[in-house]
Amino acid sequence: QVQLAESGGGSVQAGGSLSLSCAASGLITAPGYNYCMGWFRQAPGKKRERVGIANGNGNIAYADSVRGRFTISKERASNTLRLQMNSLKPEDTGMYYCAADVEQLYGCREWTDYEHWGQGTQVTVSS
């Protein structure tokens, strides 16, 4: 059973930094199995949105709103996905979620179809 556990959320002033981690357990490690893993966020009253996704090869695609400020890293040995957030803005406030999905032959599925989700960790950025 795949489980994802986020940690590292908190409160910070605008311009500050936070680092989030997502520890994944239960992932299939058989040859040929890769996972797409990503970070997503949801602000109060808004839809969940993509922050960034790492495919099975470790290539990462970021949302325009965070590119240049956020960095995702994927540690295959420990099955940990990290999110380093710098130059935080009040609009970055929200619940941050980690998600994982088996990579398909054609690549990653639409993130809204991802199978495994964590419970989320809250990030609050004050002005």
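Sequential numbering from 1 along the given sequence is applied to the chain's residues. Just so you know, these numbers come straight off a predicted model, no measurement behind them.
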Excluding sequence neighbours, so at least two apart, what forms side chain to side chain donor-acceptor pair (under 3.5 Å) with Tyr35? none
Can a donor-acceptor pair be found, under 3.5 Å and without considering hydrogens, that links the side chain of Asn55 to the backbone of Asn57? yes
Can you find a heavy atom in the side chain of Thr93 that is under 4.5 Å from one in the side chain of Gln122? yes
Expected output: side-chain Glu103 to main-chain Gly56 donor-acceptor under 3.5 Å: yes
Neighbour count above 12 (heavy atom, 6.0 Å) for Gln119 CD: no
Does a side-chain heavy-atom distance below 4.5 Å link Glu49 with Gln42? no
Any donor-acceptor pair under 3.5 Å linking the side chain of Thr121 with the backbone of Gly9? yes
ILVMFWY network linking Phe40 to Leu20, side-chain heavy atoms under 4.5 angstrom: no
Going by heavy atoms in the side chains, are Ser65 and Arg41 under 4.5 Å from each other? yes
Tell me every residue that passes salt bridge (Lys or Arg N to Asp or Glu O under 4.0 Å) with Asp64, counting only those two or more places apart in sequence or in another chain. Arg67
Would Arg48 pass as a cation-pi partner of Trp117, given that its NZ or CZ must be under 6.0 Å from the six-membered ring centre and within 45 degrees of the axis? yes
Minimum side-chain heavy-atom gap Tyr33-Val102 below 4.5 Å: yes
Does Glu75 have more than 12 heavy atoms from other residues, nucleotides or ligands lying within 6.0 Å of its CD? yes
Using the side chain to side chain donor-acceptor pair (under 3.5 Å) criterion, which residues pair with Asp101? Sequence neighbours excluded. Arg109
For the residue pair Arg50 and Trp39, establish whether any side-chain heavy-atom pair is separated by less than 4.5 Å. no
Looking at Glu6 and Gly120, would you say the former's side chain and the latter's main chain have a donor-acceptor pair under 3.5 Å? yes
Counting C-beta onward and ignoring hydrogens, is there a side-chain heavy-atom pair between Cys108 and Tyr114 closer than 4.5 Å? yes
Hey, mind stepping through Ser73 and Gln84 against side-chain contact (heavy atoms from CB on, under 4.5 Å) and telling me if it holds? CA-CA 8 Å; Ser73 58; Gln84 177 65 41; over 6 Å; no
Under a 4.5 Å side-chain heavy-atom rule over Ile, Leu, Val, Met, Phe, Trp and Tyr, are Leu4 and Leu83 clustered together? yes
Taking atom types as modelled, is there a side-chain donor on Ser21 or Arg82 under 3.5 Å from an acceptor on the other? yes
Taking the side chain as everything from C-beta on, heavy atoms only, tell me whether Ile60 gets closer than 4.5 Å to Tyr62. yes
Is there side-chain contact between Val123 and Met85, with at least one heavy-atom pair below 4.5 Å? yes
